[in-house]
Amino acid sequence: MSAPNNSYDPVRVAALAPDEVDRMTAEALAAIAAAADFDELKQARLAHQGGRAPITLASAEIGALPPEARAEAGRRISAAKRAIAEALTARQADLEAERDRRVLIDEVADVTLPWNRYPAGARHPVTTLAERISDVFIGMGYEIAEGPEVEAEWYDFDALNFPPDHPAREMQDSFWIGRPDGAGRSGLVLRTHTSPVQVRSMLTRPLPLYVVSPGKCFRTDELDATHSPVFHQIEGLAVDEGLTMADLRGAISTFVAAMFGEGLRTRLRPDFFPFTEPSADVSMECHVCRGASTEPGAPPCRVCRSQGWIEIGGCGMVNPRVLIACGIDPDRYSGFAFGMGIERTLMIRHGVTDIRDTLEGDVRFTAAFGVEA
Amino acid sequence: MLVPLSWLLEYVKLPEPVDAGEIARTLTGIGLEIEGIDRVGHEITSVVIAEVLGIEELTGFKKPIRYCRVSTGGPDAERQVICGATNFSVGDRVPLALPGATLPGGFEIGMSKRYGRVSDGMICSTDELGLGGDHSGIWVLPADAPLGADFAAYAGLRDVVFDVNVTPDKGHALSIRGVARELSIAYGVPFTDPADAGLPDWIDADGESYPASIADPTACDRFVLREVTGIDPDRPTPLPMLVRLVRAGMRSVSLAVDITNYLMLELGQPLHAFDRSTLTGPIVVRRAAPGERLETLDHVLRDLDPDDICITDSSGPISLAGTMGGLATEISGASTDLVIEAAHFSAPGIARTSRRHRLPSEASARFERGVDYELPLRASARAVAMLAELGGGTALPGRTLAAAPIEPATVTMRADHPDRVAGTSYGAATVIRRLTEVGCEVRADAGTLTVTPPSWRPDLTDPNDLAEEVIRFEGYERIGIAMPRTVAGRGRTAAQRLRSRVGRALAGAGFTEVIGDPFGAPEDLDRLGLADGDDRRRAVTLANPIRDSEPLLRTTLLPGLFKAMARNAGRGFADLALFEIGNVARNRPRMPVAPILPVDRGPDEHEVESLAAALPDQPRLIAAVLTGAREPAGWWQQGQPPRPADFRDAIEAARTVLDASGLRYQVRSGRPAPWHPGRCAEFVLTDDGGQVVLGHAGELHPRVIKAFRMAARTCAMELDLSLIERAAAALGPVQAPAISRHPVATQDVALLVGADVPAAEVEAALVAGAAAAGSVAQLEDVRLFDVYTGEQVGPGRKSLAYTLRFRAMDRTLTDEEVGAARDAAVAEAARLTGAVLRGS
């Protein structure tokens, strides 16, 4: 700190005169305002705020003033510095905002340009629909049971109460397996339905038993829009004490609600399968028109062909003879079973009109289903 | 079965008005599904009965043409019509379509000028009136046909015909009798049993007819013969009978045949007529003897099987029982004396005979499903009576009845059994009433019912059969809906979850799943270049393939994928990545024949094993094929071609599957068919039992590509998913890695190795070396970031550059620690693969 200065030079302190301070401030603010970019603003900052800026130099002269004048001059200089600093900050913010605005405009891109550099894959709807249906039953506590496609005749027919030489066997025209040596019968068949898995489940799993079995089946149908020698079924089987047809309807209604929507009625009508007695075919109220298309004058419904009902599968109470063939006491246990075609369900639920679409492997067909049906 | 409503109404008194749609719904509701309702004859208008008054034969045309004067009776009723048929005479009554008439098929009749004359209508044939038959002849009506009457009403042409889908258990419903009975129960209205109707008073008359006996009671337990003599074979079939036969889908043949068919349709009892004059000696029902032959009605000389049931006389077999008659004893246009056979044959026996000779017939369809064993006496009596009456012959009294005892079956069940099956309360009274309506005799005793089903219901053998009778007639809609029980399920198995996971992973990697053809051609195995001893040559053969060229079950998924690929390519998709998860079948050496186990008890362990031993291996495989561009063409490529799929993509697909399984596996090069021997990766699992090959991936062999006409450089992979599922199921839950929060130390090393050293081995050595050093510097990750071959490394060598990431669990590593760990890793690589650190 310098010693008190009692003698001062009026010329040297002229810079601290109010007029002079105002002029310097105005000059600084004008230069800042005029700065068109960051470089000019930097120059203005150096010129009006740096060590060699007039206001900085002026503030160094305060010590030359008589003591009684220093306070006022100090306030004046501080106010000027503050104004300049604020102007610089404001201008800086303006310039930054303007730059950001310009850059974001310059960088506008066409966001609709495709960037599909990797092809999209898909799982087959027969696979995913079988999974989806299985999930509904898994939710009810069922487990998934599986079995072989080349199957012993006993599992596919005899144990399921298809008597030998009964026309019921003709209901399912079978592919028979030849002996490897070409001589005689092999006792093997390509399974005509997934029901042999029921037999396998009853032979291997503890009771009570709740399983669904999805899988591939084979019958000697020529391929056309609605028939295929290769198709898929999913069957359910429950064996427990005291099961009734009401339990069967409960399971089916739960399935229909989960897959097709709440509140759809189901209907059983008598039918015949050797492995269930009584047997029924199952229909559900059309999930599209909900029966409206059966009203006179109503627009036709493509899905139910204006019948109001759609047949979805077959079911019944497990024939006690099947339980006996599987070593289960029919006086203690009863069971129910139901089955449906996966392809048929695809037709109903997803509007597939030609079963060949499910077998040809056309990528357009499968791609539409993504990874979940 | 086609069932005319008018025929039903003869035996069921339905309340008026009769609504065919409601009847159809009711029948379907009790288990006789109506597949179609045909309202026939209703379109026929303005066809009346007329008499031929005069015939003028026109000449000068290519065929005989008649200009006929006809009258419908009454004044001003005469008109002239042109007719091309010649089978009628003056005085005959004929159906005449008046101008303005409509015939079946919407065919309209007008006034026309033909052959130079005005034809004021048309005389009709049976065919023109919708009854089929001979088109060339006019339908000559009985002399008492009322002139001027509406012909459709007179002949009963207007009817409703139900197409009933009769399930295999309901043999009794293959008759008007059976359907009418069911309908009467459903409506609760009276039923007249046609088996009781029209019986002659001499039905029970004693006395033997043509001699007959049953030699094999397992083949036949009722055999009845009756005789009629002196019939006029030219007598026409009565009009109502003819119309009904046609409505029921049969053809009119002759009076005798029509009568047997009519009774079969009405009662369900097939009948057979022999020409009495062709029979020699007593008739015996037996199985065929070895070497016996029979020429059947269809002029086929058949070798009989010793299991065939046949009717024989002294000359040998004369008829294939319940299936088809023999040619030699067939009734002809000259037969006047007939022997009528009505029998009850073994249902499985007839089923086997008809199947063996590929002779499904109306008769065999009924016998297979079971015929009422009380019908033969009645049906034969009616047949003979009708033949005598309609054919102008004489029914001989007496009949031959050969019979084996039939013990009616009884079923014992709890009276509440139907309630327990349906989950509904019917009550014993309802149960007894329904069973009685069905025809059962029911004895109730302290909550137990002893039920004797009627002779026409051989299908009612078990308590559940009886329960179904009650439930279906009470209505399936009475069954309630119970909430599903709470069941302790464990969800999907590990294998099932894995299958779903690999499917998702491959779909995520751009592969599309297909369901391939499960059948294959032997040539495919050659095209794949499989060696003689290859597992995939052990194909299972079908005895009856859909296409003779594809008799095999697939042993690999690849040909099916190739087919799907070709189909897509043909539809304009050249860039493809497809996959399939599916089963294949492969024969095992010395497979035994699968036995047929008993069904009256559960099989024992040994029996179950005997079935398992007879099955071929059926592993589940997963396979993929790639062709064309792996990444589709896009604007970002700036004119560069899209990247083609190559063997590395196939290998990566296999890795995607294996990585999803969680297994630790090794990759090495492999050389099996059908892959390119230099571009095939083999995936190996090392477990306690040694090494197991899981499958292969890579570029296909150029010869295979050519043989299947695929695009060059097509790639594929195939893995044994069953093996993967089994191995992965043994894995425990994923154990979380210990995550160090200390800084990473990264080291890049470039290693020179021989050009043929697999990168996988170098990496494995680095990992093993770092681990073996036991340093606090743990090798967290190894990543190969560069492969270089060229001048700088010299011929026969390559440089592999790796980034090694080290970290310690408990502190920041020092440079010395990191360096030592890196050196240990490199040293092991040097020891195992001859790697030399570049720049050292």
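Here is how names work: the chains are called A, B, and so on, in the same order as the sequence lines, proteins then strands, and each is numbered from 1. Since we're looking at a predicted model, the values are computed, not measured.
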Less than 4.5 Å apart, any side-chain heavy atom of A:Lys216 and any of B:Asn583? no
Measure distances from A:Asn116 to the heavy atoms of chain B and classify the residue's part below 4.5 Å as side chain, backbone, both or neither. both
Most heavy-atom pairs under 4.5 angstrom with chain A, which of B:Pro616, B:Ala467, B:Gly475? B:Pro616
Please determine, among A:Pro320, A:Pro163, A:Pro125, A:Ala159, the option with the most heavy-atom pairs under 4.5 Å with chain B. A:Pro320
If you look at every heavy atom in A:Leu188 and B:Ala594, which pair is closest and at what distance? CD2-CB, 3.8 Å
Would you check if B:Arg472 and A:Pro278 make a side-chain contact, meaning some heavy-atom pair closer than 4.5 Å? no
If you tally heavy-atom pairs under 4.5 Å between each of A:Arg364, A:Met317, A:Arg267 and chain B, the highest tally belongs to A:Arg364
So, for B:Phe519 and A:Pro229, which heavy atoms are closest and what is the spacing to 0.1 Å? CE1-CB, 4.4 Å
Rounded to the nearest 0.5 Å, what's the gap from CE on A:Met140 to CE on B:Met483? Could you check? 9.5 Å
Hey, which of B:Gly634, B:Pro592, B:Ala422 has the most heavy atom pairs under 4.5 Å with chain A? B:Ala422
B:Pro463, part contacting chain A, at a heavy-atom distance under 4.5 Å: neither
Roughly how far apart are B:Arg492 CZ and A:Glu143 CD, rounded to 0.5 Å? 11.5 Å
Looking only at atom types and distance, does a side-chain atom of B:Trp635 sit under 3.5 Å from a main-chain N or O of A:Pro114, one as donor and one as acceptor? yes
Which one, A:Phe336, A:Tyr142, A:Tyr155, A:Phe157, leads in non-hydrogen pairs under 4.5 Å with chain B? A:Tyr155
Under 4.5 Å between any side-chain heavy atoms of B:Thr28 and A:Arg269, yes or no? yes
Between A:Ile177, A:Thr128, A:Asp271, the one whose heavy-atom pairs under 4.5 Å with chain B are most numerous: A:Ile177
Treating B:Arg571 as the side-chain partner and A:Asp362 as the backbone partner, does any N or O pair qualify as donor plus acceptor under 3.5 Å? no
Flag the one option from B:Val593, B:Leu561, B:Thr541 with the top tally of heavy-atom pairs under 4.5 Å to chain A. B:Val593
Where on A:Phe175 is there a heavy atom nearer than 4.5 Å to chain B: the side chain, the backbone, both, or neither? both
Region of B:Phe573 in contact with chain A, defined by heavy-atom distances below 4.5 Å: side chain
Starting from the C-alpha separation in whole Å, work towards a yes-or-no answer on side chain to side chain contact (heavy atoms under 4.5 Å, CB included) for B:Leu542 and A:Trp176. CA-CA 6 Å; B:Leu542 291 172; A:Trp176 296 94; over 6 Å; no
Tell me the closest heavy-atom pair linking B:Val599 and A:Trp154, and the distance in Å. CG1-NE1, 3.7 Å
Is there a side-chain contact between B:Ile596 and A:Arg185 (heavy atoms, below 4.5 Å)? yes
After noting the C-alpha distance and the side-chain angles of B:Asp462 and A:Asn319, does the key distance pass the side chain to side chain contact (heavy atoms under 4.5 Å, CB included) rule? CA-CA 9 Å; B:Asp462 293 7; A:Asn319 194 314; 4.2 Å; yes
Contacting moiety of A:Ala280, where chain B heavy atoms sit under 4.5 Å: both
Please classify the contact of B:Arg504 with chain A as side chain, backbone, both or neither, using a heavy-atom distance under 4.5 Å. both
At a 4.5 Å cut-off on heavy atoms, which part of B:Pro642 comes close to chain A: side chain, backbone, both, or neither? neither
Top residue by heavy-atom pair count (under 4.5 Å) with chain A, among B:Gly508, B:Gly489, B:Gly510? B:Gly510
Considering only heavy atoms, which portion of B:Gln637 lies under 4.5 Å from any heavy atom of chain A: side chain, backbone, both, or neither? neither
Go through A:Leu243 and B:Arg485 one step at a time and tell me if the side chain to side chain contact (heavy atoms under 4.5 Å, CB included) criterion holds. CA-CA 10 Å; A:Leu243 286 177; B:Arg485 300 183 181 193; 3.5 Å; yes
Run the side chain to side chain contact (heavy atoms under 4.5 Å, CB included) test on A:Phe365 and B:Thr512 for me, step by step, so that the C-alpha distance in whole Å, both residues' side-chain angles and the decisive distance to 0.1 Å come before the verdict. CA-CA 10 Å; A:Phe365 174 77; B:Thr512 301; over 6 Å; no
Ion pair present between A:Asp165 and B:Arg356, side-chain N to carboxylate O less than 4.0 angstrom? no
Chain A contacts, top residue of B:Ala482, B:Ala633, B:Ala585, B:Pro484 (heavy-atom pairs, under 4.5 Å): B:Ala482
Compare all side-chain heavy atoms of A:Pro119 with those of B:Arg630 and state whether any distance is below 4.5 angstrom. yes
So, taking the atom named CZ in A:Phe218 and the one named CG in B:Leu553, what distance separates them when rounded to the nearest 0.5 Å? 7.0 Å
What I'd like to find out is whether the side chain of A:Ser186 reaches to under 4.5 Å of the side chain of B:Val540, using heavy atoms alone. no
Part of B:Asn568 lying under 4.5 Å from any heavy atom of chain A: side chain
May I ask you to name which of A:Gly187, A:Gly327, A:Gly178 has the most heavy-atom pairs under 4.5 Å with chain B? A:Gly178
Does some side-chain heavy atom of B:Ile515 sit less than 4.5 Å from a side-chain heavy atom of A:Thr358? no
Hey, does the side chain of B:Gln496 reach the backbone of A:Ile144 with a donor-acceptor pair shorter than 3.5 angstrom? yes
Heavy atoms only: give me the nearest B:Ile30-A:Pro270 pair and the separation to one decimal. C-CG, 3.6 Å
Nearest heavy-atom approach of B:Asn544 to A:Ser174 is ND2-O, 2.8 Å
Chain A contact via B:Glu631 - which portion, at a heavy-atom distance below 4.5 Å: both
To the nearest 0.5 Å, tell me how far A:Leu268 CG sits from B:Glu477 CD. 10.0 Å
Toward chain B, the part of A:Val150 with a non-hydrogen atom under 4.5 Å: both
Hey, which of B:Asp169, B:Asn587, B:Thr167, B:Val608 has the most heavy atom pairs under 4.5 Å with chain A? B:Asp169
d(B:Leu578 CG, A:His124 NE2) to nearest 0.5 Å is 11.0 Å
Using heavy-atom distances under 4.5 Å, tell me whether A:Arg179 contacts chain B through its side chain, its backbone, both, or neither. side chain
Atom pair CZ/CG of A:Arg200 and B:Leu611 - distance to nearest 0.5 Å: 7.5 Å
Would you say that B:Pro603 contacts A:Leu203 through its side chain, given a criterion of any heavy-atom pair below 4.5 Å between the two side chains? yes
Determine whether more than 12 heavy atoms belonging to other residues, nucleotides or ligands lie under 6.0 Å from atom CD of B:Glu605. no
Contact winner vs chain B - A:Thr220, A:Asp158, A:Asp281, A:Val126, heavy-atom pairs under 4.5 Å: A:Asp158
Does any heavy atom of chain B fall under 4.5 Å from the side chain of A:Glu151, the backbone, both, or neither of them? both
Which heavy atom of A:Ser253 sits nearest to which heavy atom of B:Ile481, and what is that distance? OG-CD1, 3.7 Å
Where does B:Leu576 contact chain A at under 4.5 Å (heavy atoms): side chain, backbone, both or neither? side chain
